[in-house]
Amino acid sequence: MTDIFSEDHARTLDAADPLRDFRDEFHIPRHGAGEQLYFCGNSLGLQPKAVRGALIDELDDWARLGVEGHFHGKHPWMPYHGFVRESLAACVGALPSEVVAMNSLSVNLHLLMVSFYRPTAQRHAILIEAGAFPSDRYAVESQIRFHGFDPKTSLIELEADEANGTISMEAIERVLAERGQEIALVLWPGVQYRTGQAFDLREIVRLAQAQGCTIGFDLAHAAGNLPLQLHDSGADFAAWCSYKYLNSGPGAIAGAFVHDRHADSRGRPRFAGWWGHDQATRFRMGPEFVPTPGADGWQLSNPPILALAPVRVSLDMFQRADMTQLRAKSEKLTGYLETLIRERLGDTLHIVTPSEPGRRGCQLSLRVVGGRERGRTLFEHLSSIGIIGDWREPDVIRISPAPLYNTYGDVFGFVQAVQHWRRG
Ligand SMILES: Cc1ncc(COP(=O)(O)O)c(C=O)c1O
């Protein structure tokens, strides 16, 4: 047995990793003569090498076939969004008819809130976590105003109650018990972007529904990070982006989930566009909108094929790697990072993210001991030597080893670099 704090140990772990070959399917950004240690999959995942070919295929079909590419391309564009359906559903634990790849995350949240945030004089509030991602906060605030309510009284932001700024299930239960009758919608993260805390979705759904609230999830930091069981969770809706753990490229096409029990809800208000119209009759071009059943009925436009091609490539990789296997590696990889930090860097980095594997994904949020200035100095030093995490004000570095392409050697390299920096 090698010393777990040695580089040899990291090499042994990498050699035994059943997913190790996936790294070769990615472009790893260069740093000087070597490769970056890239820990920023929580922000932008790396590029699968196969994406270039997939884009060229579509460009070639467009050049070769023009409009006929809709029917006769290698991957015909007319049914194209259907090519990612099975893999998207598998990734988030949904029925194929419950998911659709469309738009971007904030757009999908708005479209879904149009249908699922239906405030009344008595039940008008939206519950989110305090310190939510700003775009989510802007979205819910603007929805509240749009419906003629005032965010001062209709936006409930649950404050963290745990030492590191995380939120206990008891706190969620309490706010729902106390104010549930005012709450029309709970919009909750699968993984909180700043702390890296993962939530038990099924339990949150249970608590919300017990109070008669509608419940939706923002899975920006959870999709491709944790195995999800969206259908079984019973959530009404969810949305996520594909540029983080799903490695589908900057601004990639996002995902949306609408639970099967709403599949045929024709009476439910929604914003409509022709691509959401019943597929069987869409091209009759009639004046009346008839939604196609399932999540597809929330589409507006015909999908941007060049933007969907990377999603197809990337989700195929997730299918091959399998979320359960990915999660098994992820727990080990992040656990290894945690152990090395606790044992070797306890005086420099304080881990904000919960320690229980069930309450986190890949990411560890690290508060730099000594405050903002010291934190910035460390962060800039790491970036300058090709170790890429990201910075969240006022003093947090987020480091996210992604099991598809990060290695135990990467983790070891990060810890070693901070040790060297500390010795100065
Ligand atoms: C939790 C969360 N919500 C919303 C967004 C905004 O996403 P988009 O710009 O794709 O709409 C992000 C982006 O990182 C995010 O992390």
Side-chain angles (χ1 to χ4, degrees), residues 38-46 88 91-92 99-114 116-117 126-143 155 157-158 160 165-167 185-199 201 204 215-226 228 230 235 237-257 271 298-301 303-304 307-308 310-311 314 352-353 360-365 388-393 396-400 402:
Y38 190 85
F39 296 107
C40 222
N42 57 290
S43 181
L44 181 72
L46 291 179
L88 194 59
C91 189
V92 295
V99 295
V100 62
M102 62 179 187
N103 311 312
S104 48
L105 170 56
S106 302
V107 174
N108 287 344
L109 285 175
H110 272 300
L111 289 176
L112 292 165
M113 280 193 277
V114 162
F116 292 102
Y117 173 49
I126 301 182
L127 173 67
I128 60 173
E129 87 278 22
F133 193 86
S135 190
D136 291 17
R137 196 177 185 286
Y138 306 151
V140 295
E141 234 189 350
S142 61
Q143 286 280 338
L155 179 58
E157 296 174 273
L158 181 61
T166 49
I167 299 179
L185 170 67
V186 177
L187 183 66
W188 207 256
V191 174
Q192 215 282 340
Y193 84 100
R194 191 187 294 270
T195 63
Q197 179 183 5
F199 291 94
L201 306 193
I204 293 176
I215 165 84
F217 289 107
D218 177 338
L219 301 176
H221 291 261
N225 180 3
L226 294 170
L228 299 166
L230 266 184
F237 70 90
W240 57 92
C241 55
S242 311
Y243 43 78
K244 299 178 188 291
Y245 297 103
L246 290 178
N247 308 317
S248 302
I253 298 299
F257 162 89
F271 287 167
W298 271 264
Q299 294 172 103
L300 298 181
S301 302
L308 259 187
V311 179
S314 176
V352 169
T353 309
R360 71 182 183 204
C362 301
Q363 172 184 330
L364 290 187
S365 300
I388 309 301
D390 73 358
W391 175 258
R392 280 291 168 262
E393 294 290 351
V396 166
I397 297 175
R398 298 187 300 180
I399 295 290
S400 303

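Ligands are counted one by one from 1 in listed order, and the atoms in each one are counted from 1 as well.
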*Asks:* Which residue and non-hydrogen atom of the protein lie closest to atom 11 (O) of ligand 1, and at what distance in Å?
*Replies:*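 Protein heavy atom at minimum distance: Ser106 OG, 2.6 Å.
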*Asks:* When the ring planes of Trp298 and Phe116 are compared, do they come out parallel, tilted or perpendicular, using 30° and 60° as the limits?
*Replies:*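 It falls in the parallel class, under 30°.
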*Asks:* Is the closest N or O pair between His221 and ligand 1 shorter than 3.5 Å?
*Replies:*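 Indeed, backbone or side chain, His221 has an N or O that close.
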*Asks:* Within ligand 1, which atoms have a heavy atom of Ala220 less than 4.0 Å away?
*Replies:*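 Under 4.0 Å from Ala220, ligand 1 has these atoms: 1 (C), 2 (C), 15 (C), 16 (O).
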*Asks:* Looking only at protein heavy atoms, identify the closest one to atom 7 (O) of ligand 1 and say how far it is in Å.
*Replies:*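 The answer is Tyr243 OH, 3.0 Å.
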*Asks:* Where is the nearest protein heavy atom to atom 4 (C) of ligand 1: which residue, which atom, and how far?
*Replies:*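 Atom 4 (C) of ligand 1 sits closest to the protein heavy atom Asp136 OD1, 3.1 Å.
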*Asks:* Does the side chain of Tyr245 reach to within under 4.5 Å of the side chain of Asn42, using non-hydrogen atoms?
*Replies:*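 They are in side-chain contact.
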*Asks:* One residue to check: Asp218. Relative to ligand 1, which of side chain, backbone, both or neither has a non-hydrogen atom less than 4.0 Å away?
*Replies:*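 Side chain only; the backbone of Asp218 stays clear of ligand 1.
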*Asks:* Distance to 0.1 Å, residue and atom name: give those for the protein heavy atom nearest to atom 12 (C) of ligand 1.
*Replies:*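 I find the closest protein heavy atom is Phe133 CE2, 3.3 Å.
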*Asks:* Does Thr353 reach the main-chain N or O of Thr195 with its side chain, forming a donor-acceptor pair under 3.5 Å?
*Replies:*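 Yes, Thr353 side chain to Thr195 backbone: donor-acceptor pair under 3.5 Å.
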*Asks:* If you measure every N or O of Lys244 against every N or O of ligand 1, does any of those distances drop under 3.5 Å?
*Replies:*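 Among all N and O atoms of Lys244, at least one is under 3.5 Å from an N or O of ligand 1.
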*Asks:* Which pair of non-hydrogen atoms, one from Leu44 and one from Tyr38, has the smallest distance, and what is that distance?
*Replies:*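 Between these two residues, the closest heavy atoms are O-OH, 2.5 Å.
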*Asks:* Taking the side chain from Ser242 and the backbone from Ile253, do they hold a donor-acceptor pair closer than 3.5 Å?
*Replies:*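 It does hold such a pair.
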*Asks:* Distance from Arg360 atom CZ to Gln197 atom CD, nearest 0.5 Å?
*Replies:*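 These two atoms lie 12.0 Å from each other.
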